[in-house]
Structure formats: structure tokens, C-alpha cells
Amino acid sequence: MKIATWNVNSIRTRLEQVANWLTENPVDVLCAQETKVVDADFPMAAFTDLGYTCYVSGQKSYNGVALISKTPLESVSCGFEPVLGGAIATPFDDQKRVITGVLDGIRIVNLYVPNGSSVGSDKYTYKLNWLAVLREYLAKLLEENPKLLVCGDFNVALEDRDIHDPTGREKEVMATDAERQALRAILDLGLADAFRKFNQEDGQFSWWDYRAAAFRRNLGWRIDHHYLSPPLYAEAKSCIIDKAPRKLEKPSDHTPVIVEL
DNA sequence: ATGGCGGGTCTAACCCGA
């Protein structure tokens, strides 16, 4: 089974690229983030034409996540509320950042973690609070789903080798100790980075700024991840970053990461 | 860099991303 995560930065603007990529890379499930479209306007036909079923949780202009699956999924839900209840979840479910479903006994969670804007801002606080709620959400899911795959755009680079230049990282959003500790607290539930099972090199990135020719100069960050519970980590066969889509005209600033189980 | 690019939409002295 192959599962990909890709922040597409608008599913409508990127539709042709995503459909072409799926044709050439017919993964079982594509977990997309930043779809930036309300559910009624999601371009489902392009994917049904390829034999895929779409499960979407979107909003106008911002955020939005989708599961695009070759086989229909079971037990699909959106947001934190179905798992955590309204008291904890409601303040966070306005922003559409979470969708999950089950395929062959594997629960797949597709996330778009808040960016955080700048260190010390209200959005930075929101990000840390959101990650704390995510920990509770995943703890509940792990109780019922020993085979858990959590993927998406985490907007956190866990280690210095995941950043082209870690100098001054403590002042930069996505790399502060508080963000890393929030993510580590989640991984301590029993999740491990699929990519690092196979690749220990630095200079391995999944996002490059549109500006300053960052992609050409490989000035990137590795912030898109697949985290696996122990039985899935043990059976994982590969995890690769496909840089090809980032080389196209008008690309997303992220590129797909694919795990094979 | 007082964000250089590129999405979005209230098409702007706009907002947001990462």
C-alpha cells in the first residue's frame, strides 16, 4: 500500500498537476492539504475519472484537507469533535485541518497543522494549543487503532538536519523548541518518522520558499511527514520525497512524500 | 528586508502562508 501526503496550495489551481501526478504515481491514498475550497466546489470529477473517491473537509480561501482514495474508505470523520467531543474540539474545528478514514485496518489521519505566523504571535499560541489538542485526539485514536498512520503538513521541522540553515532557528516559526517539544510529546504516544527509517541524510526537504530561488538552491525545510505506530513502522518498505512536481511551472511550494507499507 | 512569491478574495494602502 502506498500513501502520499502533499500540500497542494489550492486544489483548483493545482488540479492538472495533481491529476497528472496521480496518473503517473497511482498511490492508494493521496492526503492533500491546503485545498482552499468549500466542499461543494471541490473538483471531484477529475479524481473520479481516475477511479478515485474523494473525502473532503474544506472552507473558503484557507486550509482544507482531503483524502483521495482508490478504494472507498471506512469510518471517515472530520475535525477533532467526533473523537474528543465538543467541549475541547469546537474552538478548533472552525479551521478545516483534520480528516481521517480507515483502509485495510489502517487508520489514516491527514493533518494540516497551523503555521504559527511568527514566534510570540496569537497564531503561534494557537498552533501550540492546537498541537496539544492533537495529542489528545491521537491518544484516543491509538486506543482503538493499533495500526495508525498520521501524515500531513506539520509545519514543524523536528531536527536541525531538517532545515537548510538552523542558525537562529529559535526565532523562526516551525523550528522553535516549544514547537518541537509539542510534536515530540505527540510522537511519545508511540509514533515514529517513516522517512528517517530509511534516510539519515541532511538536505532532505519537502518545502521550499517561492522566493529567492530557494528550490534551485535547495534552501528548504522538511515539514511534511508520515508518522507510524509500531506495527506499521515495522512493516514500512520505503519513504521517499518526490521532488519532480516542485520543478514544474507554477508548482505548489511543497512536494509529495510517499510511504510504502 | 519594511517578506523578495504566490495562493485566496472584500481586486487592495487586502490577508495568509512558511
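Atom P of nucleotide B:dG17 and atom CH2 of A:W221 are separated by 15 Å, given to the nearest angstrom. Distance, A:L248 CG to B:dC5 P: 20 Å, rounded to whole Å. What separates CZ of A:R216 from C1' of B:dG4 is a distance of 14 Å, to the nearest Å. One interatomic measurement links the two molecules: NE2 of A:H254 to P of B:dG7, which rounds to 13 Å at whole-angstrom precision. Going from atom CD of A:Q17 over to atom P of B:dG6 covers 12 Å, rounded to whole Å. Computed from coordinates, the A:M174 CE to B:dG3 P distance equals 17 Å when rounded to whole Å. What separates CG of A:L111 from P of B:dA18 is a distance of 14 Å, to the nearest Å. The distance from atom CG of A:D224 to atom P of B:dG17 is 15 Å, rounded to the nearest whole Å.
Residue pairs that meet the ring pair (Phe, Tyr, Trp, His ring centres under 6.0 Å) test with at least one member in residues 21-48 of chain A, sequence neighbours left out, are A:W6-A:W21.
Salt-bridge check for A:D160 with A:R180: passed, with a basic side-chain N closer than 4.0 Å to an acidic carboxylate O. Salt bridge A:R222/A:D162: present, at least one basic N to carboxylate O contact under 4.0 Å.
Evaluation of the ring pair (Phe, Tyr, Trp, His ring centres under 6.0 Å) rule for A:Y227 yields A:F154, A:H225 as partners, not counting sequence neighbours. A:K96 meets the side-chain hydrogen bond (donor to acceptor under 3.5 Å, both in side chains) test with no other residue; sequence neighbours excluded. Partners of A:F215 under the ring pair (Phe, Tyr, Trp, His ring centres under 6.0 Å) rule, at least two apart in sequence or in another chain, are A:W208. Checked against side-chain hydrogen bond (donor to acceptor under 3.5 Å, both in side chains), A:D253 has the following partners two or more places apart in sequence or in another chain: A:W207. A search for side-chain hydrogen bond (donor to acceptor under 3.5 Å, both in side chains) contacts involving A:T167 returns A:D165, not counting sequence neighbours. Annotation: side-chain hydrogen bond (donor to acceptor under 3.5 Å, both in side chains) contacts of A:E201 (sequence neighbours excluded): A:Q204.
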Side-chain donor-acceptor pairs of residues 132-152 of chain A under 3.5 Å, sequence neighbours excluded:
residue: A:R135; atom: NE; partner: A:A185; partner atom: O; Å: 3.0
residue: A:N145; atom: OD1; partner: A:R107; partner atom: NE; Å: 3.3
residue: A:N145; atom: ND2; partner: A:L141; partner atom: O; Å: 2.8

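Less than 4.0 Å separates DNA chain B from at least one heavy atom of each of the following residues of residues 202-212 of chain A: A:W207, A:D209, A:Y210, A:R211, A:A212. A heavy-atom distance below 4.0 Å to DNA chain B is reached by these residues of residues 153-166 of chain A, ordered by number: A:D153, A:N155.
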Check the interface with nucleotides 11-15 of chain B: list each N/O to N/O pair with the protein under 3.5 Å, or write none.
none

Dot-bracket for DNA chain B, 5' to 3', Watson-Crick and G-U pairs with both distances under 3.5 Å, [ ] for crossing pairs, | for partner on another strand, reads ....((((.....)))).

For A:L191 and A:L228, run side chain to side chain contact (heavy atoms under 4.5 Å, CB included): C-alpha distance rounded to whole Å, both residues' side-chain angles, the deciding distance at 0.1 Å, then the answer.
-> CA-CA 5 Å; A:L191 295 165; A:L228 307 177; 5.8 Å; no

So A:Y210 and A:N9, side chain to side chain donor-acceptor pair (under 3.5 Å) or not? Walk me through it.
-> CA-CA 12 Å; A:Y210 282 122; A:N9 190 14; 3.0 Å; yes

When you look at A:V173 and A:K127, which way does the side chain to side chain contact (heavy atoms under 4.5 Å, CB included) test go after all the steps?
-> CA-CA 10 Å; A:V173 73; A:K127 179 182 192 174; 4.2 Å; yes

Begin from the C-alpha positions of A:V98 and A:V65 and carry the test side chain to side chain contact (heavy atoms under 4.5 Å, CB included) through to its verdict.
-> CA-CA 7 Å; A:V98 180; A:V65 284; 5.7 Å; no

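Across the P atoms, B:dC15 and B:dA1 are found 23 Å apart, a figure rounded to whole Å. For the P atoms, the distance linking B:dT11 with B:dG6 amounts to 22 Å, nearest Å. B:dG17 and B:dT9 have their P atoms separated by 15 Å, with the value rounded to a whole Å. Distance check on atom P: B:dC10 versus B:dT2 gives 30 Å, rounded to whole Å.
Projected onto DNA chain B by closest heavy-atom contact, A:Y112 and A:R14 fall at different nucleotides, the more 5' of which corresponds to A:R14. Checking A:R12 against A:N115, the closest nucleotide of DNA chain B that is more toward the 5' end is the one next to A:R12.
For A:Y112 and A:W130, the ring centers sit 6.0 Å or farther from each other.
If you check every strand for non-hydrogen atoms under 4.0 Å, A:N7 touches sugar and phosphate atoms only. Here A:E172 lies out of heavy-atom contact (under 4.0 Å) with every strand.
Proximity of A:T13 to the phosphate of B:dG7: no side-chain N or O atom is located under 4.0 Å from OP1 or OP2. Look at A:R169 and you won't find any side-chain N or O under 4.0 angstrom from OP1 or OP2 of B:dA18. An OP1 or OP2 oxygen of B:dT9 is reached within less than 4.0 angstrom by no side-chain nitrogen or oxygen of A:K36.
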